[in-house]
Every structure is written in structure tokens, then in C-alpha cells.
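Structure record follows, encoded as C-alpha cells.
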Amino acid sequence: MAAQETVDHKYVYDFAEGNKDQKVLLGGKGANLAEMTNLGLPVPPGFTITTEACKAYLATGEEPAGLADQISARVGALEAAMGRKLGDPEDPLLVSVRSGAKFSMPGMMETVLNVGLNDRSVVGLSAQAGGNDRFAWDSYRRLIQMFGKTVCDVPGEEFEHALDDAKRAKGTTNDLDLDADDLRGLVDAYKKIFSKHTGREFPQDPREQLDLAIKAVFESWNAERAVVYRRQERIPADLGTAVNVVAMVFGNLGPDSGTGVAFTRDPASGAQGIYGDYLANAQGEDVVAGIRNTVPLQELEKLDKKSYDELLDYMARLEGHYKDLCDIEFTIERGKLWMLQTRVGKRTAAAAFVIAGQLVDEGLIDLDEALHRVNGAQLAQLMFPRFKLDHEFQPVAKGIGASPGAAVGKVVFTSARAVELAGEGEQVILVRRETNPDDLNGMIAAQGILTSRGGKTSHAAVVARGMGKTCVSGADELDIDIPGRKFIVAGQTVREGDVVSIDGTTGKVYLGEVPVMPSEVVQYFEGELDPEQTDDPLVKAVHRIMTHADAKRRLAVRTNADTGPDAARARRFGAEGIGLCRTEHMFLGDRRELVEKLILARTDDERDSALAALLPLQRADFEEIFREMDGLPVTVRLIDPPLHEFLPPLEQLAVNVAVAQERGEDVAKEEALLAAVRRMHEENPMLGLRGVRLGLVIPGLFAMQVRAIAEAAVTVTRAGAVAKPEIMVPLVGAVQELETVRAEAEKIIAEVVGDSGVEVLIGTMIEVPRAALTAGQIAEAAQFFSFGTNDLTQMAWGFSRDDVEGAFFWRYLELGIFGISPFESIDRDGVGRLVRIAAEEGRAARPGLKLGVCGEHGGDPESVHFFHEVGLDYVSCSPFRVPVARLEAGRAVVETTGSDSR
Ligand code: PEP
Ligand code: MG
């Protein structure tokens with residue numbers, strides 16, 4: 001029974017049998033060829049071998065049972081459809097064998113063209129082509145070259161050298177000067193190369209050629225470059241590739257033939273029109289190889305009006321059918337148009353928004369679908385400043401856009417030099433082959449980072465993204481000489497101190513200073529560009545889609561801000577309150593002295609007087625924020641970090657004291673400080689005396705802050721605004737901690753608030769695993785929870801959040817232990833589970849408990865979807881990420897209804 005099932009399993013689909021929704025089984029190319037066939041478009045006949053056949057082959061090293069027979073049956077049908085037979089010496093059928101996975105992986109896997117040619121059928125091909133011997137022998141030599149290289153691992157250079165030799169003998173550098181006899185000679189040379197490397201003759205049996213080519217495509221799924229590409233693009237490794245076997249059509253049969261690509265809209269700007277390139281008398285690979293220059297697609301109208309009109313008609317039909325931008329590959333063989341490929345086309349971030357808006361206008365999609373088709377990463381990209389590029393700036397190299405933004409600065413080659421020059425006020429770009437943890441200081445000091453090695457998950461890329469620094473990695477055209485403090489690119493030498501400009505979005509590198517311009521999307525969010533007045537299509541599209549996202553979303557979006565200007569900006573960006581106002585920043589600068597007094601206090605009086613001096617300053621801080629956030633909730637977190645962070649570092653202090661003592665100076669104050677720093681020194685300060693623990697140990701500290709918050713709220717309210725303070729206690733792990741702080745706070749609040757009408761909520765962060773696990777108890781004492789997913793991630797994994805990203809995450813990413821840093825995107829299975837438990841148990845104990853998140857994850861697109869799913873009330877993120885969170889919160893709602901169109 002089992003054997004019967006295996007035999008019957010369908011591994012091969014004719015193009016007429018599939019459709020566009022079968023990408024998992026037939027790959028993107030196969031599914032779309034089937035769709036075009038069913039639409040009645042002129043697709044050369046062919047069939048697709050499924051990804052399941054590939055997976056079975058890769059698992060066992062053998063073709064699955066039944067595959068060979070199914071291929072035979074389909075080849076027979078293909079021969080009948082074309083009226084030609086594989087290997088026929090008079091009138092041969094030739095096929096192409098192409099890979100095609102669910103997700104497009106350009107150039108990563110194999111293709112073999114002209115399968116079916118041999119010493120005899122080459123003559124028949126010439127006859128088919130009207131006695132064109134040159135064409136036939138050129139096709140044959142291309143087959144041996146491609147087949148040798150991709151199927152039998154013959155080094156490609158050997159074929160290239162032989163081709164160069166043939167051209168040299170002819171006294172030319174142009175392939176087209178080689179005539180039929182030259183190419184026949186080249187076929188002999190290629191066959192010798194083939195047998196030298198493989199120990200066998202070039203296979204003359206077309207079916208053997210076909211079977212070997214199919215296996216080579218299967219195996220190319222696991223080729224190193226494909227594996228690396230998948231890892232970078234986060235494409236699952238277990239999908240496998242389909243194989244498309246298609247009757248060959250030729251664009252190189254004379255001036256009435258050619259090949260081209262077309263887009264139904266401009267993939268860069270989204271503008272409607274006819275975009276594409278055409279090359280007469282050529283095959284697709286000639287376009288890729290750049291042997292001759294293409295002409296704009298519009299020129300085809302003059303060359304072949306009939307094919308041009310037909311192509312335009314198909315383009316319109318495809319766009320209407322797919323309801324999206326399509327890209328197309330086509331070939332014209334002696335005046336007959338053939339459609340070789342189509343797919344929903346890749347596009348820039350700007351084009352994604354513009355096209356989604358246009359498609360709504362055209363009635364092809366609704367606003368939900370438009371929202372589904374854009375994303376927060378694209379929006380974030382549109383918010384970075386960009387280079388203002390005109391003709392004078394040409395890139396000299398292109399690497400990987402590893403961390404977006406536009407950075408300009410003087411080239412430096414070492415971390416130390418970066419720190420030194422930055423200290424002198426210079427903007428620098430740190431150039432390294434690859435960075436390592438020793439480069440961290442230089443990376444912090446630099447405007448941007450440029451490396452010649454490494455991909456999106458290299459050390460440089462991961463660390464730069466974490467810091468929000470522009471980074472281009474893997475610009476391998478750069479020949480870097482670190483000891484010589486120079487690099488060579490495009491024949492030019494760039495030395496330390498020369499200025500370069502790097503674009504972390506496109507990966508392009510420019511010599512000299514390229515002017516930078518602000519993003520028009522940010523100008524729109526800032527309220528400087530009126531979407532009704534501007535005629536910028538991008539701003540209009542962003543406005544429309546954001547408005548829809550806001551109407552759809554259930555999650556509120558707040559911001560993390562601790563100054564008036566930050567709060568104001570976030571409000572302009574759409575923040576609906578402050579989810580985290582960190583108060584520790586308010587203890588720095590000229591207030592350090594007061595904090596030192598507080599720490600050094602030996603008596604209650606000394607401590608109380610330091611706190612009394614801090615109180616009016618804190619009150620003023622909160623008044624400013626409450627005024628900016630008039631009418632919106634403001635969550636103020638009581639001081640969190642260990643107090644020694646406000647004191648000078650131990651080593652520096654020890655040296656200062658020693659030097660001063662040596663000179664006989666009065667060091668009483670410094671000695672006291674040093675003693676305090678020594679006393680407070682902790683091996684693991686992130687797990688030490690901080691947060692609520694500090695509040696319970698230092699009398700009056702939290703009380704001063706609570707009083708400042710309540711008094712500020714009353715003052716602002718009496719002045720006519722509405723203050724909605726929420727006091728948040730950090731690092732709580734046990735309900736008793738919260739109860740103690742709360743009892744004291746409530747007394748102060750009652751005393752301050754009086755009959756002012758101000759209401760102050762008291763809640764807690766959930767950022768210690770124990771708090772998540774005892775959330776039911778903690779909820780009894782908390783009016784709200786806010787998840788501090790930074791600390792929760794740190795403590796759930798046991799990863800020091802300050803150290804590990806630069807230290808070893810690149811290795812974890814390389815090994816696939818995680819696909820993305822858990823500090824960047826929530827670890828759903830581990831940390832996310834703690835969030836779920838706390839949300840459920842908290843709400844069970846206190847129905848309607850307000851739940852939010854204020855860790856960095858609050859602005860991460862993937863994580864926003866998770867927080868929507870878990871049922872939080874709001875996310876809170878840095879001001880710049882507020883629009884991204886609004887968009888993603890809207891997308892989270894429409895996600896289940898949208899289509900999987902890309
Ligand atoms: C957190 O831990 O997620 C948090 C928001 O607090 P902080 O980053 O200030 O520790
Ligand atoms: Mg925290």
C-alpha cells in the first residue's frame with residue numbers, strides 16, 4: 001500500500017495544471033508560469049518538478065520512485081506539443097532547466113539552457129534556424145560550458161580562457177566576430193576541457209543531460225551561496241526548489257528576435273508607465289553579462305510594433321490580475337513574443353507606499369490590503385535622512401546596506417584613531433576589513449562603519465544596528481591596507497583623513513562629501529508638510545495608509561521620553577501618552593553635586609537637605625512634561641540604576657586621589673567619595689542594588705520623587721491643563737516590595753493632591769522573571785503593569801544586555817541559534833511566554849488591569865504583532881519609532897485577512 005502511494009505521488013505538473021497560489025509546491029517561477037499559461041498568455045510549453053521531489057532527493061540522494069516515469073510522460077507531451085523530439089538530428093527539441101523556489105533567490109541557484117543538443121542535433125538546429133550554422137554551434141558551446149560548470153563542477157575559468165584564446169586567434173575581443181567554424185573549434189576545445197575534468201565524454205544522450213541537469217538544480221539548493229543568502233534573508237532552509245523544464249525559444253536568431261525585461265510600474269518610485277530594457281538579437285544571459293547595452297523598452301515600439309503592443313496588453317492584464325506591480329521577462333523569436341517569467345516585483349520602500357495608494361485609487365485593492373502590503377521596516381527606512389544625489393556623485397563601490405542612514409566623514413582605519421579624531425570634533429567613518437569587539441569604542445565614536453567583508457549578520461552589522469549607526473558591510477571592491485592607512489577602490493587610493501559618504505540603506509560608497517537631506521516623511525510627521533497641499537505622492541500615500549492604520553489598530557502607542565522636547569516631538573509623531581519617563585537622566589549634569597551629597601550623607605539631616613534641594617528641580621522636570629502631554633497619561637518611573645553610576649569611575653577616582661596626595665593637596669572630599677564608591681562597588685551591578693531595592697534602602701529617595709510628581713501634576717492642573725500621572729516602580733520581584741513603596745506613596749499623594757481632582761495611578765514594571773511568574777499576586781497591589789522587556793530578556797536568558805550583543809551575538813546569528821537578537825525582537829517562546837503568563841494571571845487577579853510594554857521591543861515591528869496578540873493595551877517606544885509602531889499595530893489587525901501576495 002505504501003509503495004503504491006509512493007508510485008502514485010505526483011511530482012510533475014504541466015504548466016496547464018498549476019496556478020499562482022501553489023508557490024510552496026511549484027516555486028514562484030513555476031506557479032506564475034502556470035498562471036500565465038492559464039490566462040492564455042504565450043508561455044513556451046513546459047512542466048514543473050515539485051519542491052517535494054527536490055526535498056525527497058536531498059534527503060536520500062536518490063530520485064524518488066516514480067519521478068523518472070512522470071518526467072518521461074511530460075517530455076512526451078512536450079514533444080507532441082512542439083512537434084519536435086529531444087535529440088532529433090533533423091529537428092530537435094531543446095529545453096531549459098531552471099530553478100525556482102518559493103521565494104526568489106536571484107542568481108543563487110542553477111540554470112542550464114539548450115539541453116538536448118549533441119553532435120548530431122546541432123546540425124538539425126542549424127536547419128531549424130534557416131541554415132544558421134553560427135547560431136547552432138554557439139548554442140552548443142554554451143550548453144557544454146553551462147552544463148560543465150553547473151552540473152559537473154568544471155572550473156568556469158577554463159571555458160572562459162578557451163573563449164579568449166579563440167578570440168585572440170581571430171584578432172578580436174568581440175564574441176560576435178567568431179564565425180561558425182571558430183565556434184565548432186571551440187566546441188571541440190570545450191569537450192576536451194570537459195573530459196579532462198570529469199574523466200568522461202560530454203553526454204550525447206539528451207535524456208541523460210536532462211536528468212543530470214535536474215539533479216544539479218536540486219543540489220544547488222544546498223550550495224554554499226544559497227545557504228548564506230537564505231540565512232541573510234531569513235528564508236527557511238527546508239523549502240527546497242522546484243525545477244522548471246521549458247521548451248527553448250531564442251532571442252538570438254537575428255534582428256527580428258531579442259529579449260527583455262519589463263515592469264508594470266517603476267519599481268524605484270512607483271510611478272506608472274512603461275519601464276524596462278530590451279536587447280535585440282540576444283539571449284537573456286547576454287543581458288546579464290552586459291556584453292552589449294540594452295535600449296529602453298519604448299524603443300521596441302519602433303523595432304517591432306506588433307510585439308510591443310501585444311506586450312503592453314499582457315502587462316496590463318497581468319497587473320490587473322495580480323493586483324500589483326509585476327516584473328516580466330520575455331523573448332521575441334523571429335517576431336513572435338514569448339512570456340518567460342512574471343512575478344510580483346520587488347520595490348523600494350517609497351514605491352511600496354506609492355503603489356499601494358495607487359492600487360486603492362484604481363479600485364484594485366482596498367485600504368486593508370494596502371496596509372498589509374507595506375511595513376514598518378519600510379517606513380523606518382523612509383524616515384532616515386538620505387543623500388541628495390545628482391549626476392556628479394557616482395558610487396565607487398557597493399556593499400551590503402547593513403544599517404540604514406546616510407553618513408559622511410573622514411576615513412580612519414583604527415578604533416583608537418576614530419576616538420581621537422572624534423574627540424577633536426571631527427566626523428569619522430571607521431573603515432575595517434571586518435570589525436571585532438575591540439573596535440567597539442571606534443564604532444561608538446564614528447558616524448558610520450564601512451567594512452570590506454561580512455554580511456548582514458557580521459559583527460559590524462549587528463553592533464551598528466544596535467547602536468542605530470549607519471553601516472555598509474562587505475564592500476569587497478575595497479582593497480584595504482590597515483597598516484598603510486589606505487584603501488584602493490576603482491583605481492583610486494583613499495587615505496586616512498579623506499572624506500567618504502556611505503549609504504547604509506543601499507550599501508553604496510561615494511568618495512567626497514555627498515549632501516544629506518532630511519526625509520520628507522519625517523517632515524510630514526513633524527507637521528511641516530501638509531498632505532493635502534503637497535503634491536509629493538509618497539507623503540500622500542504615507543498619510544493615507546497611516547490614517548487607516550490608526551483607524552484599525554487596537555493597541556495604543558505611547559512613547560519613551562524624559563524631556564519636554566522629546567515628549568513634544570513624540571506627540572507630533574502620534575504618541576498617545578508617555579509609557580516610560582526614565583528619571584535617572586534628571587540626576588545628571590549640574591545636579592551631580594546634589595546626588596553626591598545624597599550618597600555621601602552621614603546623617604539624616606544631610607540626606608534630607610540633599611533631597612530637599614532636588615525636589616524643586618524634579619518638580620520642574622515633571623511640570624514641563626505634563627504640560628507637553630496635556631490630557632495624555634504620563635508614566636513616570638522612579639529611579640532605577642545603581643547609585644554609583646552617578647559617581648566617577650573607581651579607577652579614575654583612585655588615581656586622582658593618589659596624585660593629589662602626592663602633591664600634598666587637600667583630598668578629604670575625594671577620599672570620602674572614593675570610600676563611598678568602594679563601599680558601593682558591585683560585581684554585577686545590573687543584578688544588584690537598583691530599582692525598588694534602592695528605594696527601600698535609601699530613605700526618602702522615592703518619597704521625594706513621588707512628591708515632585710504629585711505637586712507638578714497639581715500645579716499643571718491648577719493652571720488649566722490636564723495631568724494624568726502614573727507612578728511606576730522598577731525591578732519589582734515580589735508583591736511585598738510594591739506594597740511597601742505604595743503605602744508610603746499613597747500617603748504623600750493624598751496629602752499633596754487634596755481636592756485638586758488629580759488622580760495618580762501606582763503600578764509596576766514587570767521585568768524580573770519572578771514578577772512575571774507571580775503576576776497574580778503583584779496585580780493585587782498594582783493599577784497597571786508595564787513590561788520592561790530589556791531587563792526581562794537579560795534576566796530570562798542570563799545575557800548581560802550591555803555586553804553580549806557586541807561580544808558574541810554575531811556567532812549565535814551565524815549558527816542560527818537565533819535569527820535576530822532577542823534584544824531587538826521579542827523571543828516569543830521564552831521571554832514572550834513570561835509576558836503571556838503575567839498578562840493572563842495579572843488580568844485574572846484584577847480584571848481590566850492596564851497592560852503595556854516599554855522595553856525596546858515596543859517599537860519593533862515583529863514584536864508589536866506579538867503584543868497585539870497577547871492583548872496588551874499599549875506599546876511604548878522611542879519617539880522616532882512611534883509611527884512604525886502605529887503602522888504595525890494597524891497591520892496586526894488586518895494581517896489575518898490580507899493575502900500572501902509576495
Ligand atoms: C526595560 O528593562 O525594558 C526597561 C524599559 O527599563 P530600562 O531599559 O530602563 O532598564
Ligand atoms: Mg529595566
Side-chain angles (χ1 to χ4, degrees), residues 466-468 557-563 566 570 575 577-588 634-646 682 684-695 702 705 726-733 737-738 741 763-772 775 778 782 784-805 821-827 830-832 834-835 838-839 850-860 863-864 866-867 870 872-879 881-882 885:
M467 293 177 184
V557 177
R558 296 196 194 179
T559 191
N560 294 358
D562 24 84
T563 65
D566 274 1
I578 290 185
L580 174 62
C581 170
R582 291 183 170 98
T583 53
E584 47 270 20
H585 301 152
M586 300 169 177
F587 288 70
L588 299 173
V634 175
T635 307
V636 181
R637 183 182 68 187
L638 303 180
I639 189 164
D640 178 16
L643 285 186
H644 69 74
E645 283 196 10
F646 301 98
E682 292 174 311
N684 288 312
M686 285 306 262
L687 302 178
L689 182 60
R690 51 174 286 217
V692 66
R693 306 160 193 172
L694 199 61
F702 276 9
Q705 290 198 295
E726 302 177 344
I727 292 177
M728 180 155 76
V729 185
L731 226 73
V732 165
E737 293 170 312
L738 182 61
V741 173
T764 182
M765 297 198 66
I766 301 288
E767 55 183 344
V768 174
R770 191 181 188 283
I778 294 178
F784 64 89
F785 283 174
S786 177
F787 290 96
T789 47
N790 304 332
D791 271 309
L792 199 56
T793 301
Q794 159 167 273
M795 294 189 218
W797 280 90
F799 283 158
S800 159
R801 59 194 264 198
D802 297 324
D803 300 314
V804 290
E805 291 204 83
S821 158
F823 286 112
E824 199 179 323
S825 196
I826 191 97
D827 151 35
V831 179
L834 289 169
V835 172
K850 185 153 52 164
L851 299 175
V853 55
C854 60
E856 279 304 298
H857 304 87
D860 166 65
S863 313
V864 170
F866 173 76
F867 298 131
V870 176
L872 300 197
D873 296 301
Y874 68 86
V875 295
S876 186
C877 55
S878 59
R881 299 223 276 179
V882 165

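When a ligand or atom number is given, it counts from 1 through the structure's own listing order.
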query = Do side-chain atoms of N560 reach the backbone of C854 as a donor and acceptor pair under 3.5 angstrom?
reply =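 At least one qualifying donor-acceptor pair exists.
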query = Side chain of T793, backbone of F823: donor and acceptor closer than 3.5 Å?
reply =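 Looks like no, no N/O pair under 3.5 Å.
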Could you tell me, atom by atom, which parts of ligand 1 come under 4.0 Å of a heavy atom of [X]?
X	value
L580	5 (C)
M765	4 (C), 5 (C), 6 (O)
D640	10 (O)

ask   = Is the Mg ion (ligand 2) less than 2.8 Å from at least one N/O/S atom of D791?
value =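 A backbone or side-chain N, O or S atom of D791 is under 2.8 Å from the Mg ion (ligand 2).
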key: NZ/NE/NH1/NH2 to OD/OE distance under 4.0 Å, K850 and E726   =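 A salt bridge links K850 with E726.
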ask   = Between F799 and W797, how do the two ring planes meet: parallel, tilted or perpendicular, split at 30° and 60°?
value =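 If you compare the ring of F799 with that of W797, the planes turn out parallel.
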ask   = Will you find, in the side chains of S786 and R637, an N or O donor that is under 3.5 Å from an N or O acceptor?
value =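 Short answer, no.
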Test side chain to side chain contact (heavy atoms under 4.5 Å, CB included) applied to L580 and M728, step by step = CA-CA 9 Å; L580 174 62; M728 180 155 76; 3.7 Å; yes
If we only consider heavy atoms of [X], is any one of them less than 4.0 Å away from an atom in ligand 1?
X	result
E856	no
H857	no
R801	yes

request  = Could you check R690 against I639 for side chain to side chain contact (heavy atoms under 4.5 Å, CB included), going step by step and ending with a plain yes or no?
outcome  = CA-CA 8 Å; R690 51 174 286 217; I639 189 164; over 6 Å; no
Shortest protein contact, [atom] (heavy atom only):
atom	value
atom 9 (O) of ligand 1	R582 NE, 2.7 Å
atom 5 (C) of ligand 1	C854 O, 3.5 Å
atom 6 (O) of ligand 1	R637 NH1, 2.9 Å

message = Once you restrict to heavy atoms under 4.0 Å, what part of N790 touches ligand 1? Side chain, backbone, both or neither.
response =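 Both parts.
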query = Are L851 and F867 close enough, and set up right, to give a side chain to side chain contact (heavy atoms under 4.5 Å, CB included), and what steps lead you there?
reply = CA-CA 10 Å; L851 299 175; F867 298 131; over 6 Å; no
Residue E767 atom name (nearest to the Mg ion (ligand 2); N/O/S) =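 Within E767, restricted to N, O or S, the Mg ion (ligand 2) is closest to atom OE1.
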